[in-house]
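One structure below.
To find a chain, count down the sequence lines: A is the first, B the second, and so on, and within it residues start at 1.
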Amino acid sequence: MSLTKSSEEDSFNGRYTLWIKEALEELPHNFTITDPFISGHPIVFASLGFLKMTGYSLEEVIGRNGKVFQGPKTNRRSIMEIREAIREERSVMVSLLNYRKSGSPFWMLFHMCPVFGRDDGKVINFVAVQVPISGQEHHRKLGDMSSDHSELVFGSCRREVCFGSFVHQNQASPMECVDEQGLEDWEHCEASESEKLKAVEAINNVLSILTRYSELSGRLVCGKRYCLRGVDCLSSSLVISLGRIKQSFVLTNPCLPDMPIIYASDAFLTLTGYKRQEVLGQNCRFLSGVDTDSSVLYEMKECILKGQSCTVQILNYSNRKDKSSFWNLLHISPVRNASGKTAYFVGVQVEASCRNTESKELRPETRQLSVVGAVRVAVRSSLMVTC
Amino acid sequence: MLLKIKRVPTVVSNYQKDETVEEGGCGRNCLSKCCINGARLPLYTCKNLDKFVGEKLESPVTFLESLVLGEWEDRFQRGLFRYDVTACETKVIPGKYGFIAQLNEGRHLKKRPTEFRVDKVLQPFDGNKFNFTKVGQEELLFQFEASNNDDDSELQFLPSIPLDADNSPSVVAINVSPIEYGHVLLIPRVLDCLPQRIDHKSLLLALQMAAEAANPYFRLGYNSLGAFATINHLHFQAYYFAMQFPIEKASSLKINTTNNGVKISKLLNYPVRGLLFEGGNSINDLSDTVSDASVCLQNNNIPFNILISDSGKQIFLLPQCYAEKQALGEVSSKLLDTQVNPAVWEMSGHMVLKRKEDYEGASEEKAWRLLAEVSLSEERFKEVNTMIFEAIGLSSHEEEEGEELEEQSSMNGGSFIRVHCPSVKEEAVSN
């Protein structure tokens, strides 16, 4: 568990330096920052305001996906809207019902923006700001009531929205609990103009801090995409999809010179003992060594040239502490994208000695092929966006 | 008057021929009495989910997903499909809705069309015609069941067990003319030879599969007879497509809620008029409500399609009348020439086009126009809703009182929706 946490911190600090935490913590807003390049698209930073609003501690939030704050009555369409915005790497602003640690629901205005690498146009992070909605706008729309009157009349509905944080503290207040039921069943909750402005202001503040601190590390970020994503850059949504696959595999690009690795799963890194930055951009041959059968390598090369799948048993050399070699039951296959043409090759590694034939598991062959299938689904629509 | 149209049926199995099939021991490894004793398949028994589990898109690939994808890829590499669907170009049609078009010249056979009777949604099973007991066993991926035991909280998986005819197995098979990667057929109680019609148990099984797969990009669909079902043997279809369908983006307006908490909305700003079912106190409640509505349509001879979306949490019910219009000669030849038969996927906004010119010239306007032809008229739709509400025991009173109008829109990223808060209204009145 601590291993995952440190990788989130590493990636964040690496880009923005250690000092950014202090600067971000000075902001009064509720916000989270996520990293789509870590498997599970987890939160890598959460502001104090956010923690207070949701009732969670920092440890409980870092490494989790934003979905954990949603619940049974969260509007499905809003969830889908957010998901599609992430997939298309664009911003979104939507009212959303979230749940605190106590289980009590509250409405907030959710505004999320991608943060791009200035040099490569890649999405580095998503920043999400949460502005609690007072529900005032909703009451204003319902017609001619003086604002004072509306306080009285609508108090029971508004109260848990405004004073939501008190509700879960006062256990002995059944009246509020009854109102909370109503709150969950609200179809929607409109944010006021000032709440929307607050959200925009908050995002801008967070973005300017991220920009400033990214300058220190020399790897700039910005709120707009300044250049088209490079050919060897995968979209963040493809990376998020690939991050769901827990087996060892790599994607290579046959259109680039020497067919480099453009994606490596966490499991691949564990299996081979290499770090991600050591393998990206390299041809897979670094896994081969003295005793690797060259005829097998030749067979693979032939299949690649013909655009065919093949499975081979190949001796690979790891970079693990013991520098051990292992037999790799490797399956490679061409993968097409929406154009119908081959965009990548996928290589799925299964360490031969690890092939457990437990009766209640998928057959190893099926599991290996399921990786290929999952990659095909992800790659097929990865470039398709609404325009 | 007997209404018929001619169309080329989609080939979903390599053993499918359009007319009567020869009888007798076939040596083909099918599911009939001749071969079934040798059949062995993986068995996936899902836990008896009462409530939907919170699924997260970023969460790991589920076991069921691995099973479907792994077995499908295996058949893919063995060449069991008529073409490589991933080699078919696909794109999002520019526009607000993002209709999806695919150029697939291989899906439709260059054979002569068959006659389909389109005036009867309920037709008896005909053993002489192609049905799923005639598929080859290699086209079957696994057996899929819901646990009978309420205590079962774990899923059960057995990699290879004999198919037990006495247990009325339900199976998942490949569709050899896939629309997308992973296109499968869910065939409830395959040996019972049920005709293509919705029943409570079968719809529940389909919903359970959606929930179990826990992936909003894995949808299940159903076409009734008269709504472009190819085979009169009960089956659902499913495939993976990792982006939203236009219908999933359409706004909706709540028009009713059942006693067991199922919310029923009507679609707005979408070329097809239809209903959206969601919520319910349990999966069973949602399933039962949709089944009741479907049975009502069936009994009233109204063809329809069903889309199970959002991992089973949202179900679209789409009545249509295109086949009838075609039979009566009421469809323009331009639309007919595209040879798009609007089944559930097309209704959802996923258009498979067989001619390059249609693909190149695909536009949102054209897609809209086609689907608008398929849709029931506003009047007819209102009638149908009344029928449905009666059948599920609801008053057809639509909640459309002025300002309490609630509209859900996910089309405009920035548009904000008005609030409906019933308890507020009551308080206002009492004051």
Side-chain angles (χ1 to χ4, degrees), chain A residues 40-41 65 67 70-71 75-78 80-81 83-85 87 92-95 138-139 141-143 153-154 156-157 182 186-191 240-241 243-246 309 336 338-340 359-363 365-367 369-370 372-374 376-378 380-382 384-387, chain B residues 54 56-61 63 65-74 77 84 86-92 94 97-98 100 156-159 180-182 216-217 240-244 248-249 254 278 310 313-314 403 406 408 410 413-414 416-424 427-428 431:
Chain A
H41 191 190
N65 181 280
K67 296 269 172 72
Q70 294 159 10
N75 185 289
R76 302 299 306 166
R77 288 304 169 85
S78 305
M80 279 171 18
E81 239 195 291
R83 184 181 78 219
E84 287 301 294
R87 201 186 68 84
V92 64
M93 190 190 261
V94 68
S95 300
H138 141 68
H139 301 297
K141 288 240 176 225
L142 281 177
V153 173
F154 307 117
S156 58
C157 269
W186 289 18
E187 289 293 317
H188 310 283
C189 190
E190 183 163 356
I240 291 173
S241 305
R244 298 177 60 231
I245 307 170
K246 296 304 166 194
S309 313
R336 299 173 189 273
S339 70
S359 56
K360 296 242 169 141
E361 297 271 316
L362 284 182
R363 289 183 310 129
E365 295 81 11
T366 312
R367 188 170 289 285
L369 291 178
S370 74
V372 178
R376 291 200 199 282
V377 173
R380 172 88 168 144
S381 55
S382 65
M384 296 172 73
V385 291
T386 333
C387 46
Chain B
K56 303 155 190 11
L57 194 64
E58 294 84 351
S59 42
V61 172
F63 193 94
E65 190 170 329
S66 295
L67 178 62
V68 172
L69 292 173
E71 294 290 343
W72 212 91
E73 178 68 21
D74 171 74
Q77 293 197 13
D84 176 358
T86 65
C88 297
E89 202 186 321
T90 180
K91 66 183 180 186
V92 178
Y97 286 79
I100 300 148
Q156 243 207 25
F157 179 73
L158 298 167
E180 268 303 332
Y181 189 86
Y217 294 141
Y240 285 94
F241 193 62
M243 54 183 295
Q244 259 192 312
E248 293 169 334
K249 299 187 208 180
K254 175 167 134 181
E278 50 190 330
D310 197 13
K313 296 187 182 79
Q314 300 196 13
E403 298 213 285
E406 18 177 330
Q408 251 196 67
S410 52
F416 291 93
I417 329 108
R418 287 170 292 184
V419 185
H420 180 134
C421 185
S423 55
V424 172
E427 290 204 32
N431 265 297

Worksheet item: Would you call B/Leu67 and A/Leu362 a side-chain contact if the rule is heavy atoms closer than 4.5 Å?
Response: yes
Practice prompt. Answer whether the closest heavy-atom distance between the side chains of B/Glu71 and A/Thr366 falls below 4.5 Å.
Written response: yes
Worksheet item: Between B/Gln77 and chain A, which part of the residue has a heavy atom less than 4.5 Å away: side chain, backbone, both or neither?
Response: side chain
Worksheet, complete the sentence: Honestly, the part of A/Ser339 sitting under 4.5 Å from a heavy atom of chain B is backbone
Discussion item. Show, in sequence, the C-alpha distance, side-chain angles and deciding distance for B/Glu73 and A/Arg376, and conclude whether the salt bridge (Lys or Arg N to Asp or Glu O under 4.0 Å) test is met.
Written reply: CA-CA 10 Å; B/Glu73 178 68 21; A/Arg376 291 200 199 282; 2.7 Å; yes
Discussion item. With heavy-atom distances below 4.5 Å as the criterion, would you say the side chains of A/Arg244 and B/Glu65 are in contact?
Written reply: yes
Worksheet item: For residues B/Gln314 and A/Arg77, is any side-chain donor paired with an opposing acceptor at under 3.5 Å?
Response: yes
Worksheet item: Taking all non-hydrogen atoms of both residues, which atom of A/Arg380 and which atom of B/Thr86 are closest, and how far apart?
Response: NH1-O, 3.4 Å
Worksheet item: Sub-3.5 Å donor-acceptor pair from the side chain of A/Ser381 to the main-chain atoms of B/Ala242, do we have one?
Response: yes
Practice prompt. Would you please test A/Arg83 and B/Tyr217 for side chain to side chain contact (heavy atoms under 4.5 Å, CB included) and show each step?
Written response: CA-CA 11 Å; A/Arg83 184 181 78 219; B/Tyr217 294 141; 3.4 Å; yes
Worksheet entry | Shortest non-hydrogen contact between B/Phe157 and A/Glu361, atoms and distance | CE2-O, 3.6 Å
Discussion item. Looking at chain B, which one of A/Arg363, A/Gln70, A/Met80, A/Arg367 has the largest number of heavy-atom pairs inside 4.5 Å, strictly under?
Written reply: A/Met80
